[in-house]
Q: 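First the structure, then my questions, so here it is.
Counting begins at 1 with the first residue of the sequence. Numbering of ligands and ligand atoms starts at 1, following listing order. We use all heavy atoms of the structure for the numbers below, so side chains are in, but hydrogens, waters and symmetry mates are not.
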Amino acid sequence: MQPLNGAGRERNDVAYLILSVDNCNTLAVMTHDDSTAENNERDLEDGIHTDLRSTMTYGSYLHLDRLLDAQHPVSDPVHHDELLFIIQHQTTELWFKLVIHELVDARRLIADDQLPLALKRIARVKHIQKTLTEQWSVLATLTPSEYVGFRDELGKSSGFQSWQYRAVEFLLGNKNAGMLQVFDGEPEARAQLEKYLNEPSVYDEFLRALARRGLPVPQRLLDRDVSVAHTFDEELLDTFRIIYENPEKYWQEYESCEELVDLEENFQFWRYRHMRTVLRIIGMKRGTGGSSGVGFLQKALDLTFFPELFDIRTGIDNGPGTATGPGTARAKNSTGGHGSASGCPGL
Ligand code: HEM
Ligand SMILES: N[C@@H](CC(=O)c1ccccc1NC=O)C(=O)O
């Protein structure tokens, strides 16, 4: 940074201003406190509250006593890396909690025809998803030999038993009643999951909202049994074609469709990073949850929440009215999914 102005004032001034321009021509304004610089220690300001004995504090508000007392390694003697393993899972579960909170509200807002506000909720979820996907790099510092140092102690426990993960899948539409039995021993989690199973997904509510806005949504989708997964519906392509050919006219609907595409993509990126992290840590070993391991996780990459929103893209051409009619690529190679859905290299 090149000082432009103010840097030449007396060193013992209480505070002085440095105006500078860095290499990117960004103007920076810095207040400079002399004593801080000289002692490398910041003085407490007079106004700072220090007697906090009978008031709410940072720690009491956040219940840090409980939060920070919830890490209990099971290895004995404690394996150094088990704390990483625990905290990686706990932070993920905390973010899942917020994702559920936001998705439930997004769904309510869609049902209440407040699409712009619903998109605000979804925008937050997308950022959480990115954080969660990036967080895999922390766990990837766990080497195979470090993990085997405590893996046996995990018994049959597995992320497969995360009810919050399953709740997110259900809210987005990947319903699977068979998952409930895993939670027979956790009645509260099971009840919450069963509730989400039997409620409309975000996609169900979105399709209903489109119908209320006069778009032609097949009646069978509006009346469908919402406790089972939505599967690809050819006729729904006609609905989305109207939106994608007239984005100006259907801007809110168009934007909403693209936000849902982002949600699904981000979800797949998380699944993909999980699968690759598992591969580098346990290779092709079976999972503690009883599955084949990586092969089982790979199959999840073929699951899709909003198949039509991906399929519609194949028929999009330059200019309105040029998208090919029913029976685009889907009809030709009808896979029931969108190929290797992750869009990630190596799959
Ligand atoms: C060393 C790290 C990890 C390994 C080796 C691992 C391995 C596995 C395996 C093999 C499965 C398949 C089920 C089974 O048989 O166990 C699985 C499922 C799962 N894991 Fe992990 N995992 C790891 C970390 C994590 C983390 C940090 C999370 C975050 C919560 C997580 C969440 C899940 C979820 C949600 C499933 C179910 C996925 C599905 O049903 O498609 N895992 N994991
Ligand atoms: N399924 C993992 C174990 C595992 O990762 C795990 C064990 C207990 C609690 C959460 C876990 N995370 C994800 O599956 C394995 O097979 O090694």
Side-chain angles (χ1 to χ4, degrees), residues 70-75 79-100 103 128-183 185-186 189 192-193 196-197 229 264 266-305 337 340-342 344 347:
Q71 294 70 44
H72 303 287
V74 290
S75 51
H79 191 290
H80 172 83
D81 301 300
E82 198 182 340
L83 188 60
L84 158 71
F85 188 76
I86 293 172
I87 288 181
Q88 176 94 17
H89 284 88
Q90 289 183 337
T91 49
T92 303
E93 288 292 339
L94 280 176
W95 284 123
F96 282 167
K97 182 171 181 170
L98 188 58
V99 168
I100 292 167
L103 285 180
I128 300 169
Q129 288 176 311
K130 284 186 180 169
T131 293
L132 285 175
T133 299
E134 190 48 42
Q135 190 175 291
W136 283 112
S137 62
V138 184
L139 192 64
T141 63
L142 181 71
T143 63
S145 40
E146 286 163 353
Y147 185 48
V148 291
F150 62 91
R151 185 177 187 231
D152 283 349
E153 312 307 322
L154 301 174
K156 293 178 181 167
S157 67
S158 161
F160 187 73
Q161 299 142 18
S162 163
W163 76 265
Q164 291 204 114
Y165 175 82
R166 229 40 89 185
V168 176
E169 282 196 327
F170 284 8
L171 281 165
L172 291 176
N174 183 220
K175 306 285 182 75
N176 185 341
M179 295 293 177
L180 292 182
Q181 58 190 322
V182 175
F183 304 96
E186 300 168 61
Q192 190 58 51
L193 214 44
Y196 292 138
L197 182 78
E264 170 153 347
N266 286 349
F267 202 97
Q268 291 290 28
F269 291 151
W270 186 91
R271 280 179 172 151
Y272 180 77
R273 287 293 303 270
H274 177 228
M275 184 272 291
R276 293 296 306 193
T277 310
V278 172
L279 180 65
R280 69 181 279 168
I281 297 178
I282 65 166
M284 298 305 284
K285 288 186 186 120
R286 293 192 73 81
T288 50
S291 81
S292 58
V294 164
F296 182 66
L297 297 175
Q298 264 170 338
K299 283 188 210 144
L301 295 170
D302 285 332
L303 296 171
T304 169
F305 300 120
S340 199
S342 71
C344 294
L347 283 178

Q: What residue and heavy atom of the protein are closest to atom 8 (C) of ligand 2, and at what distance?
A: S157 OG, 3.2 Å
Q: Please list, in number order, the atoms of ligand 1 under 4.0 Å from a heavy atom of L139.
A: 2 (C), 24 (C), 27 (C)
Q: Are the side chains of F150 and P73 in touch, meaning some heavy atoms are under 4.5 Å apart?
A: no
Q: Counting only nitrogen or oxygen atoms and a 3.5 angstrom limit, does I281 reach ligand 1?
A: no
Q: Which atoms of ligand 1 sit under 4.0 Å from any heavy atom of G289?
A: 14 (C), 15 (O), 16 (O)
Q: Among all protein heavy atoms, pick out the one at the shortest distance from atom 5 (O) of ligand 2; state its residue, atom name and that distance to 0.1 Å.
A: F85 CZ, 3.5 Å
Q: Taking the side chain as every heavy atom from C-beta outward, state whether L303 and F267 have any atom pair closer than 4.5 Å.
A: no
Q: Give, for atom CG of L84 and atom NE2 of H79, the distance between the pair rounded to the nearest 0.5 Å.
A: 10.5 Å
Q: Do R166 and ligand 1 have an N or O pair less than 3.5 Å apart?
A: yes
Q: Roughly how far apart are L103 CG and L98 CG, rounded to 0.5 Å?
A: 9.5 Å
Q: Could you tell me whether Q161 approaches ligand 2 through its side chain, its backbone, both or neither, with non-hydrogen atoms closer than 4.0 Å?
A: neither
Q: With respect to Y165, determine whether any N or O atom, backbone or side chain, lies less than 3.5 Å from an N or O atom of ligand 1.
A: no
Q: Would you give the length of the straight line joining atom NE2 of H80 to atom CD of E146, rounded to the nearest 0.5 angstrom?
A: 7.5 Å
Q: Note the single closest protein heavy atom to atom 10 (C) of ligand 1, along with its residue, its atom name and the distance in Å.
A: G287 CA, 3.6 Å
Q: Nearest to atom 33 (C) of ligand 1, what protein heavy atom do you find, and at what distance?
A: G159 CA, 3.5 Å
Q: Just to be sure I read this right, does ligand 1 sit under 4.0 Å from the backbone of W95, its side chain, both, or neither, counting only heavy atoms?
A: neither
Q: Which atoms from ligand 1 have a heavy atom of G290 less than 4.0 Å away?
A: 15 (O)
Q: What part of V294 sits under 4.0 Å from ligand 1 if we count only heavy atoms: the side chain, the backbone, both or neither?
A: neither
Q: Looking only at protein heavy atoms, which one is nearest to atom 17 (O) of ligand 2, and what is the separation?
A: Y147 OH, 2.5 Å
Q: Short list, please: which atoms of ligand 1 are under 4.0 Å from a heavy atom of G293?
A: 10 (C)
Q: Under 4.0 Å from ligand 2, counting heavy atoms only, is it the side chain of R151, its backbone, both or neither?
A: side chain
Q: Under 4.0 Å from any heavy atom of S158, which atoms of ligand 1 are there?
A: 13 (C), 14 (C), 16 (O)
Q: Judged on heavy-atom distance to atom 22 (N) of ligand 1, which of H274, E93, Q164 sits nearest?
A: H274
Q: Do the rings of W270 and H274 sit parallel, tilted or perpendicular, given the 30° and 60° boundaries?
A: parallel
Q: For ligand 1, which atoms, with element, lie under 4.0 Å from some heavy atom of Q88?
A: 27 (C)
Q: I need the atoms of ligand 2 closer than 4.0 Å to a non-hydrogen atom of G287, numbered in the order shown.
A: 16 (O)
Q: For atom 26 (C) of ligand 1, find the nearest protein heavy atom and state the residue, atom name and distance (0.1 Å precision).
A: H89 NE2, 3.0 Å
Q: Please identify which atoms of ligand 2 are closer than 4.0 Å to at least one heavy atom of H89.
A: 10 (C), 11 (C), 12 (N), 13 (C)
Q: If you take the nearest heavy atom of each of L297, L301, T92, D81, which one is closest to atom 30 (C) of ligand 1?
A: T92
Q: With atoms numbered from 1 as shown, which atoms in ligand 1 lie under 4.0 angstrom from a non-hydrogen atom of F85?
A: 1 (C), 2 (C)
Q: Do Y165 and E169 pair up side chain to side chain, a donor and an acceptor below 3.5 Å, judged on atom types alone?
A: yes
Q: Just let me know how S291 lines up against ligand 1, side chain, backbone, both or neither, with a heavy-atom cut-off below 4.0 Å.
A: both
Q: Nearest protein heavy atom to atom 7 (C) of ligand 1, by residue and atom, and its distance?
A: V278 CG2, 3.4 Å
Q: Among protein heavy atoms, which lies nearest atom 2 (C) of ligand 2, and at what distance?
A: T288 OG1, 3.3 Å
Q: Just to confirm my output: which protein heavy-atom neighbour is closest to atom 41 (O) of ligand 1, and how far is it?
A: A300 CB, 3.8 Å
Q: For atom 14 (O) of ligand 2, what's the nearest protein heavy atom and its distance?
A: G159 N, 2.7 Å
